[in-house]
Asker: 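Next up is a structure, given as structure tokens.
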Amino acid sequence: MAKIPHILLIYTGGTIGMTRDYETGALKAFNFDKLLKHIPELKHLNCTIDSASFEGPIDSSNMNPKYWIKITEIIEENYEVFDGFVILHGSDTMSYTASAISFMFENLSKPVIFTGSQLPIGDLRTDAKENMITSIEIAASQKNGKPIISEVCLYFEYKLYRANRTTKVNAEHFQAFASPNYPPLAESGVHLKFDESLLYKSRRSKIIKIRKELEQNIVLLKLFPGITENVVKSILEIDGLKGVVLETYGSGNAPTCKWFVNLLKQALKKGIKIIDVTQCSGGRVILGQYETSVQLQKIGLISGKDITTEAALAKLMYLLGQKIPEKEFKHVFETPLRGELLE
Ligand code: ASP
């Protein structure tokens, strides 16, 4: 008889487990035991569930790479014992965390599903129950005794996405996330329907590698009409700066003025890596398509192609942490490592 899947539920914080402070009216994280009491339905799922929790659950605005490593270590310590992992996380920075975790695990062969909610689990109209129950079902879904999903995903409001393709797009709607450049991997309705052609192929035969070195000396620089030389200069001259995610216009375009291109050139000369990503929510960077990106291509900017800003920041921290040889860095960044950008 097939073994019942064993799922680990990891609670990091976020609205899903928050209660209202009656004095201030503000939402704050509360104890995980209480969270489970709100969902007796969990007992009826076709899997066994254990849970782990951050000692002090956090609002995800307080997330940082130290917590990413903590999540990674909880999964690492339990990797052999469990068939799948569900991470409860605040929605505000969920796409950043989930993108980072996707890079930190190479050759993942089990599902890691991030979810959360817009309303606390105790609220009458909460979206937390459906998000959590379906995420657990997804993590427990198997075919021929093997997990259907073997990548890091994000489940929210009836849709399962590749996590490193997502971005939070709405602060109020239950449909809070979008994956503009990659279709949903599954949709939940009466049935849970996976689109197997979109799933990341399992690396079951390969040994899992977990990497926790992340370089935090990077910056996100978003262009806007009127940005001054002084501002760009100050940012690119930050002491110890190793990398820049440059949010450009449209298909990767930027001002052609001399001071701007010269500042980028000087930064590249110092070994700072500069990734060109688009400010648009969908579509991709094509360096050289317009005159306004020809010089960026010439001086050696790295194309982020159709990557999200969240995944670009995570990938940059991850690759800088791996000490990739100088000559290979551009090629490695422009190559999909976990399905985060197109070939
Ligand atoms: N501020 C909350 C958080 O990200 C919002 C949420 O969970 O949806 O932790």
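A quick note: this is a predicted structure, and the numbers were derived from the prediction, not measured. We use all heavy atoms of the structure for the numbers below, so side chains are in, but hydrogens, waters and symmetry mates are not.
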Asker: Would you tell me whether Asn131 and Ser117 have side-chain atoms, one donor and one acceptor, within less than 3.5 Å of each other?
Answerer: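 Checked: Asn131/Ser117 side chains show no N/O donor-acceptor pair below 3.5 Å.
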Asker: Heavy-atom count around Lys209 NZ within 6.0 Å, excluding the residue itself: above 12?
Answerer: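 Count not over threshold, so no.
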Asker: Can you pull the side-chain hydrogen bond (donor to acceptor under 3.5 Å, both in side chains) pairs that have at least one residue in residues 296-306, sequence neighbours excluded?
Answerer: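 side-chain hydrogen bond (donor to acceptor under 3.5 Å, both in side chains) check on residues 296-306 returns Arg165-Asp306.
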Asker: Using a 3.5 Å distance criterion without hydrogens, assess whether the side chain of Thr248 forms a donor-acceptor pair with backbone atoms of Val277.
Answerer: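 Answer holds: yes.
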Asker: Do Ile307 and Phe329 share a hydrophobic cluster (ILVMFWY, side-chain heavy atoms under 4.5 Å, transitive)?
Answerer: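 Yes, it is one cluster - the side chains of Ile307 and Phe329 are joined through contacts under 4.5 Å.
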Asker: Salt bridge between Lys233 and Glu229, side-chain N to carboxylate O under 4.0 Å?
Answerer: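 No.
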Asker: Listed by chain and number, what are the ring-ring contact (aromatic ring centres under 6.0 Å, His included) partners of Tyr161, not counting sequence neighbours?
Answerer: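 Tyr161 satisfies ring-ring contact (aromatic ring centres under 6.0 Å, His included) with no other residue.
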Asker: Taking the side chain from Tyr11 and the backbone from Ile16, do they hold a donor-acceptor pair closer than 3.5 Å?
Answerer: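 No, the answer is negative, given that no donor and acceptor are paired below the 3.5 Å cut-off.
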Asker: What closest approach, in Å, do Ile148 and Gln142 show between heavy atoms, and which atom pair accounts for it?
Answerer: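 Minimum heavy-atom contact is CG1-C, 3.8 Å.
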Asker: Check for a donor-acceptor pair, side chain of Asn78 on one end and backbone N or O of Ile74 on the other, with a separation under 3.5 Å.
Answerer: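 Between the backbone of Ile74 and the side chain of Asn78 there is a qualifying donor-acceptor contact (under 3.5 Å).
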Asker: Can Ser99 and Glu310 be counted as having a side-chain donor-acceptor contact under 3.5 angstrom?
Answerer: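 Result is no, nothing qualifies.
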Asker: By side chain to side chain donor-acceptor pair (under 3.5 Å), which residues pair with Lys330, not counting sequence neighbours?
Answerer: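 Listed in chain order: Glu334.
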Asker: Given 3.5 Å as the limit, does a donor-acceptor pair link the side chain of Gln322 with the main chain of Tyr318, or not?
Answerer: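 Yes; at least one donor-acceptor contact below 3.5 Å.
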Asker: Between Leu320 and Trp68, is there shared hydrophobic-cluster membership here, with clusters defined by ILVMFWY side-chain heavy atoms closer than 4.5 Å?
Answerer: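 Yes; tracing contacts between hydrophobic side chains, which count when under 4.5 Å, links both residues.
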Asker: In chain order, what residues pass the salt bridge (charged side-chain N to carboxylate O under 4.0 Å, His left out) check against Arg338, with sequence neighbours excluded?
Answerer: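 In terms of salt bridge (charged side-chain N to carboxylate O under 4.0 Å, His left out), with neighbours along the sequence ignored, Arg338 is linked to no residue.
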Asker: Can you hop from Ile272 to Leu223 via hydrophobic side chains spaced under 4.5 Å?
Answerer: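 Per the 4.5 Å side-chain linkage, Ile272 and Leu223 are co-clustered.
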Asker: Do side-chain atoms of Ser60 reach the backbone of Thr93 as a donor and acceptor pair under 3.5 angstrom?
Answerer: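 Checking the backbone N and O of Thr93 against the side chain of Ser60, a donor-acceptor pair under 3.5 Å is found.
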Asker: Is the shortest side-chain N to carboxylate O distance from Lys212 to Glu73 below 4.0 Å?
Answerer: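 Looking at Glu73 together with Lys212, the answer is yes, because their closest N to O distance falls below 4.0 Å.
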Asker: So does Phe103 get a backbone contact from the side chain of Glu106, meaning a donor-acceptor N/O pair under 3.5 Å?
Answerer: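 Not at all, since once roles are kept as given, no pair shorter than 3.5 Å links the two residues.
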Asker: Is there a path of hydrophobic side-chain contacts, each under 4.5 Å between heavy atoms of I, L, V, M, F, W or Y residues, that connects Ile69 with Ile208?
Answerer: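 Hydrophobic grouping puts Ile69 with Ile208.
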Asker: With sequence neighbours excluded, what pairs up with Phe54 under the ring-ring contact (aromatic ring centres under 6.0 Å, His included) test?
Answerer: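 Per chain and number, Phe54 pairs via ring-ring contact (aromatic ring centres under 6.0 Å, His included) with Tyr67.
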Asker: Hey, does the side chain of Ser293 reach the backbone of Leu296 with a donor-acceptor pair shorter than 3.5 angstrom?
Answerer: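 Not a single qualifying donor-acceptor pair exists.
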Asker: Run the numbers on Leu268 and Ile299 for side chain to side chain contact (heavy atoms under 4.5 Å, CB included), then give the verdict.
Answerer: CA-CA 8 Å; Leu268 291 168; Ile299 63 177; 3.9 Å; yes
Asker: Tell me if a side-chain donor or acceptor on Asp123 pairs with a main-chain N or O of Thr126 at a distance below 3.5 Å.
Answerer: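 Checking the backbone N and O of Thr126 against the side chain of Asp123, no donor-acceptor pair under 3.5 Å is found.
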Asker: Decide side chain to side chain contact (heavy atoms under 4.5 Å, CB included) for Ile133 and Leu42; before the verdict, give the C-alpha distance in whole Å, the side-chain angles of both, and the deciding distance to 0.1 Å.
Answerer: CA-CA 7 Å; Ile133 290 171; Leu42 291 180; 4.0 Å; yes
Asker: Near Lys201 NZ, under 6.0 Å, is it more than 12 heavy atoms from other residues, nucleotides or ligands?
Answerer: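 It does: Lys201 NZ has more than 12 such atoms within range.
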Asker: Name the residue from Phe114, Phe156, Tyr155 that meets the ring pair (Phe, Tyr, Trp, His ring centres under 6.0 Å) definition with Phe177.
Answerer: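 Of the listed residues Phe114, Phe156, Tyr155, the ring pair (Phe, Tyr, Trp, His ring centres under 6.0 Å) partner of Phe177 is Phe156.
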Asker: Between Glu196 and Lys143, does any side-chain N to carboxylate O distance fall below 4.0 Å?
Answerer: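 So Glu196 pairs with Lys143 through a salt bridge.
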Asker: Residues two or more places apart in sequence or in another chain: which of them pass ring-ring contact (aromatic ring centres under 6.0 Å, His included) with His6?
Answerer: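 Counting only residues at least two positions away or on another chain, His6 forms a ring-ring contact (aromatic ring centres under 6.0 Å, His included) with Phe82.
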Asker: Following the transitive rule for hydrophobic clusters with a side-chain heavy-atom cut-off under 4.5 Å over Ile, Leu, Val, Met, Phe, Trp and Tyr, establish whether Leu313 and Val285 coincide in one cluster.
Answerer: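 Leu313 and Val285: separate clusters.
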Asker: More than 12 heavy atoms of other residues, nucleotides or ligands under 6.0 Å from OH of Tyr79: is that the case?
Answerer: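 Atom OH in Tyr79 is packed in, count exceeds 12.
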Asker: Okay, side chain of Asp83, backbone of Ala139: is any donor-acceptor separation there less than 3.5 Å?
Answerer: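 A pair under 3.5 Å: no.
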Asker: Other residues, nucleotides and ligands only: do more than 12 of their heavy atoms fall within 6.0 Å of CD on Glu41?
Answerer: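 Result for CD/Glu41: enclosed.
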Asker: Whether Lys110 engages the ring of Phe85 as a cation-pi pair (distance to the six-membered ring centre under 6.0 angstrom, angle to the ring normal within 45°) should be assessed.
Answerer: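 Not flagged: Lys110 not positioned over aromatic ring of Phe85.
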Asker: Say whether Thr256 and Gln295, considering side chains only, have a donor N or O and an acceptor N or O under 3.5 Å apart.
Answerer: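 No pair is found: no donor N or O on one side chain lies under 3.5 Å from an acceptor on the other.
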Asker: Might you work through the side chain to side chain contact (heavy atoms under 4.5 Å, CB included) test for Met317 and Asn217, ending with a clear yes or no?
Answerer: CA-CA 8 Å; Met317 280 194 204; Asn217 280 307; over 6 Å; no
Asker: Does any N or O in the side chain of Ser179 come within less than 3.5 Å of the main-chain N or O of Thr166, such that one atom is a donor and the other an acceptor?
Answerer: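 No; judged by distance alone, with no hydrogens or angles, the pair does not exist.
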